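To find a chain, count down the sequence lines: A is the first, B the second, and so on, and within it residues start at 1. In this text the structure is predicted, and so the values were computed from the model without any measurement.
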There are 4 protein chains.
Amino acid sequence: MISDADRADQMGQATREKLKQFIARIERLEAEKAELAADIREVYAEVKTFGFDSKVLRKCVSLRKKEPAERAEEEALLDMYMDVLED
Amino acid sequence: MISDADRADQMGQATREKLKQFIARIERLEAEKAELAADIREVYAEVKTFGFDSKVLRKCVSLRKKEPAERAEEEALLDMYMDVLED
Amino acid sequence: MISDADRADQMGQATREKLKQFIARIERLEAEKAELAADIREVYAEVKTFGFDSKVLRKCVSLRKKEPAERAEEEALLDMYMDVLED
Amino acid sequence: MISDADRADQMGQATREKLKQFIARIERLEAEKAELAADIREVYAEVKTFGFDSKVLRKCVSLRKKEPAERAEEEALLDMYMDVLED
DNA sequence: TCGGAAATCAAGACCC
DNA sequence: GGGTCTTGATTTCCGA
């Protein structure tokens with residue numbers, strides 16, 4: 001089956017409108033996402049003014065996303081590798 | 001200078017609270033950001049059900065994002081040339 | 001599946017050697033890469049002694065890098081459209 | 001003093017040649033640098049086929065670049081923050 | 001559908 | 001101190 005959308009040069013007006021609406025929705029959502037990213041950057045900047053280490057804080061956030069088991073696993077592996085390499 | 005925040009075992013209760021609040025804010029913002037990302041994925045999925053090619057659509061969106069940036073960059077180069085040639 | 005490499009304390013001597021060799025290779029390649037970066041910086045410095053503006057030169061180089069990429073990208077989009085429209 | 005290079009529209013042929021040569025040298029060096037980056041990626045890919053965890057390996061390489069003292073410092077701070085946040 | 005490779009983007013380091 | 005470079009993370013794309 002070949003939909004209207006598969007035939008750009010035959011696109012009906014309704015289909016063209018639909019396409020524009022999708023693009024508009026996506027771009028609006030992406031704009032909101034970009035704003036949130038900016039907000040997050042702002043918080044990290046504020047965090048610094050309180051004397052916290054933002055790099056370490058970022059690591060905290062990322063560690064908290066992971067399961068503790070997974071976290072321990074990776075650390076153990078890292079220690080093993082470092083141990084092999086240390087001499 | 002070593003701030004209170006740099007030495008957790010000397011952290012006052014207020015500072016500890018502050019730290020928790022910052023993390024909470026960041027994690028909330030990141031959760032919202034993740035939701036938007038999910039929404040965007042959803043739109044692309046819906047787009048497909050209308051017979052549009054989501055890959056093409058993604059490329060369109062990304063090109064629309066880049067074009068203004070490129071124009072700005074070329075203008076910047078032009079400005080630099082003008083600057084070099086002026087006086 | 002858990003490979004030998006995933007369990008360092010069970011790592012045979014051969015595997016430990018392998019790990020060391022990989023790290024050595026990577027660190028050597030990274031050192032070479034760093035040297036090239038230094039060489040490039042040097043050229044830009046030399047460029048200045050000839051009266052050229054290194055900032056402008058950098059921008060030129062970066063634009064020259066991007067232009068083929070952009071062209072390729074636009075062509076890719078065009079190809080996708082053609083693909084959608086063909087059959 | 002205004003050098004030849006400062007007046008692009010008055011550039012003598014020799015100066016133009018010099019400029020082209022500089023660009024050529026820079027682009028060649030950057031190409032070599034890009035190749036090394038590709039080589040490094042390749043090694044990490046090969047590493048995986050031996051059962052090593054390339055992500056952890058990357059971390060090893062980056063840790064080995066840092067001073068042990070610095071490393072310990074960051075880890076201590078991380079532990080403190082995580083401790084504050086864990087309840 | 002999922003995992004891995006690659007591209008893209010933001011953040012930190014570094015040099016001027 | 002501004003700007004570039006590099007690195008690390010996120011996202012996207014592809015193959016199994």
Side-chain angles (χ1 to χ4, degrees), chain A residues 26 29-30 33-45 47-48 53-59 61-63 65-66, chain B residues 26 30 33-34 36-41 44-45 53-63 65-66 69-70 73 76 80, chain C residues 1 26 29-49 53-63 65-66 69-70 72-73 76 80, chain D residues 26 29-30 33-34 36-49 51-67 70 74:
Chain A
I26 289 165
L29 289 169
E30 292 205 342
K33 187 154 148 294
E35 275 199 44
L36 281 172
D39 290 347
I40 291 168
R41 268 198 303 283
E42 223 179 298
V43 176
Y44 277 114
V47 146
K48 266 192 214 167
D53 184 322
S54 70
K55 185 159 144 272
V56 175
L57 223 49
R58 276 176 197 277
K59 185 154 274 294
V61 170
S62 107
L63 282 177
K65 275 184 209 164
K66 293 183 194 175
Chain B
I26 289 165
E30 292 207 341
K33 185 155 152 289
L36 281 172
D39 289 348
I40 291 169
R41 266 196 304 280
Y44 277 114
D53 183 321
S54 71
K55 189 170 144 219
V56 175
L57 221 50
R58 276 177 197 276
K59 194 119 211 140
C60 286
V61 170
S62 110
L63 279 184
K65 216 186 302 186
K66 265 180 219 166
E70 283 162 26
E73 205 165 10
M80 286 195 280
Chain C
M1 167 260 196
I26 288 165
L29 289 169
E30 292 205 340
E32 286 177 36
K33 186 152 146 301
E35 276 200 42
L36 281 172
D39 290 348
I40 291 169
R41 246 178 288 127
E42 224 178 297
V43 176
Y44 277 114
E46 192 187 348
V47 145
K48 268 194 214 163
T49 71
D53 183 323
S54 70
K55 188 170 145 219
V56 174
L57 219 50
R58 275 177 197 275
K59 195 113 208 145
C60 286
V61 170
S62 110
L63 279 183
K65 214 186 302 183
K66 265 177 218 169
E70 284 162 26
E73 207 165 6
M80 286 195 280
Chain D
I26 289 165
L29 289 169
E30 293 206 341
K33 188 146 111 18
L36 281 172
D39 289 348
I40 292 169
R41 267 198 304 281
E42 223 179 299
V43 176
Y44 278 113
E46 191 187 351
V47 145
K48 266 193 215 166
T49 69
F52 296 106
D53 183 322
S54 70
K55 186 159 141 274
V56 174
L57 223 47
R58 275 178 199 276
K59 185 154 275 293
C60 286
V61 171
S62 108
L63 281 178
R64 283 161 61 88
K65 278 185 205 164
K66 291 184 193 174
E67 288 304 310
E70 188 188 353
E74 279 190 13

Heavy atoms within less than 4.0 Å of DNA chain F: which residues of residues 38-46 of chain C have one? Give them sorted by number. none
Base, sugar-phosphate or nothing for Lys48(C)? Non-hydrogen atoms, less than 4.0 Å. sugar-phosphate
Could you work out, with salt bridge (Lys or Arg N to Asp or Glu O under 4.0 Å) as the rule, every residue matching Glu73(C), not counting sequence neighbours? Lys59(B), Lys66(B)
Nearest-nucleotide check on DNA chain F, Ala37(B) vs Glu30(C); residue mapping nearer the 5' end is Glu30(C)
Select base, sugar-phosphate, or nothing to describe what Ser62(B) touches, counting heavy atoms under 4.0 Å on all strands. nothing
Side chain to side chain donor-acceptor pair (under 3.5 Å) involving Glu30(C) - partner list, sequence neighbours excluded: Lys65(D)
Checking Glu32(C) now: which residues fulfil side chain to side chain donor-acceptor pair (under 3.5 Å) with it, not counting sequence neighbours? Arg28(C)
NA contact type, Lys33(C), heavy-atom cut-off 4.0 Å: base, sugar-phosphate, or nothing? sugar-phosphate
Can you measure Leu63(B) atom CG to dT12(F) atom C1' for me and round it to whole angstrom units? 15 Å
Taking only residues two or more places apart in sequence, or in another chain, which ones meet Lys48(C) in a salt bridge (Lys or Arg N to Asp or Glu O under 4.0 Å)? none
Check every strand shown and say whether Arg58(D) touches a base, only sugar-phosphate, or nothing at a heavy-atom separation below 4.0 Å. nothing
As an exercise, state the distance from CG of Leu57(C) to CD1 of Ile26(D), rounded to the nearest 0.5 Å. 5.0 Å
Starting at atom NZ of Lys65(B), determine the distance to atom P of dT8(E), rounded to an integer number of angstrom. 11 Å
Please list, chain by chain and in numerical order, all residues satisfying side chain to side chain donor-acceptor pair (under 3.5 Å) with Glu46(D), sequence neighbours excluded. Arg25(C)
Atom NZ of Lys59(A) and atom P of dT10(F): how far apart are they, to the nearest Å? 11 Å
Please determine if a side-chain N or O atom of Lys66(C) lies less than 4.0 Å away from the OP1 or OP2 oxygen of dT8(E). no
